Amino acid sequence: MAGRFRLYADANIHGPVVDGLLRRGWDIVRAVDACPEGTDDEIHFARAAAQGRVVVSNDVDMKNLAEKWFDEERRFTGLIWWPKEHHRRMRVGDFLEAFEELATQDDPFRPYPIIHVKPTR
């Protein structure tokens with residue numbers, strides 16, 4: 001079913017993206033608000049999975065962790081990921097539009113729960 005999904009933003013996500021998602025009404029938890037700074041990615045990922053939240057990250061280690069969980073057939077809602085260098089090529093609005101587009105799709109995290117956000121221009 002299409003619609004917005006709950007998000008868990010890791011510490012590497014720039015504030016303007018999180019702020020923009022909040023302004024648009026997305027339910028988002030920031031890792032820095034959920035756990036002390038320096039908490040291991042595995043703990044954040046497990047917390048997001050337990051809460052049914054989609055992890056939002058541009059950290060390669062987080063992407064590798066999601067791929068590991070997928071390979072091990074461990075359940076998690078999803079990961080929306082982009083390389084850090086996309087911040088130089090994309091505006092905040094581009095990221096927000098990507099999230100809104102995903103929300104129009106029926107279960108965008110099936111069959112593969114890792115979505116890569118890419119520049120459209």
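If you're wondering where the values come from, they're calculated on a predicted model, not measured in any experiment.
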Would you be so kind as to tabulate the donor-acceptor pairs closer than 3.5 Å made by side chains of residues 9-19, with sequence neighbours excluded?
from : atom 1 : to  : atom 2 : distance (Å)
D10  : OD1    : N12 : N      : 2.9
D10  : OD2    : S57 : OG     : 2.5
N12  : ND2    : D59 : OD2    : 3.4
H14  : ND1    : H87 : ND1    : 3.2
H14  : ND1    : H87 : NE2    : 3.0

Quick one: list whatever passes side chain to side chain donor-acceptor pair (under 3.5 Å) with D33, sequence neighbours left out. R30

Applying salt bridge (charged side-chain N to carboxylate O under 4.0 Å, His left out), can you list everything that pairs with R110, at least two apart in sequence or on another chain? D107

Contact summary for P113 and P111, nearest pair of heavy atoms: CD-O, 3.9 Å

Who passes side chain to side chain contact (heavy atoms under 4.5 Å, CB included) against V117, sequence neighbours left out? I80, W82, M90, F95, A98

Apply side chain to side chain contact (heavy atoms under 4.5 Å, CB included) to E37 and list each qualifying residue two or more places apart in sequence or on a separate chain. none

So the salt bridge (charged side-chain N to carboxylate O under 4.0 Å, His left out) pairs with at least one residue in residues 74-85 (sequence neighbours excluded) are E42-R74, E72-R74

Between the CG atom in D61 and the CG atom in D41, the distance rounded to the nearest 0.5 Å is 6.0 Å

Partner set under ring-ring contact (aromatic ring centres under 6.0 Å, His included) for F109, not counting sequence neighbours: F5

CG of L102 to CD of E97, rounded to nearest 0.5 Å, is 12.0 Å

Which value, rounded to the nearest 0.5 Å, describes the distance between L96 atom CG and D94 atom CG? 8.5 Å

If you link ILVMFWY side chains whenever their heavy atoms are less than 4.5 Å apart, which other residues fall into the same cluster as F70? By chain and number, please. F45, V55, V60, M62, L65, W69, F76, L79, W81, Y112, I114

Just jot down the salt bridge (charged side-chain N to carboxylate O under 4.0 Å, His left out) partners of E101, sequence neighbours excluded, or say none. none

Side-chain touch F99/L21, heavy atoms, less than 4.5 angstrom: yes

Restricting to side chain to side chain donor-acceptor pair (under 3.5 Å), what partner residues turn up for R47, sequence neighbours left out? none

Can you name the residues that form a salt bridge (charged side-chain N to carboxylate O under 4.0 Å, His left out) with E67, not counting sequence neighbours? K63

Specify the closest pair of heavy atoms between V29 and A34, including all atoms of both residues, with the distance to one decimal. CG1-CB, 4.0 Å

Could you tell me which residues satisfy side chain to side chain donor-acceptor pair (under 3.5 Å) with D27, sequence neighbours excluded, listed by chain and number? R53

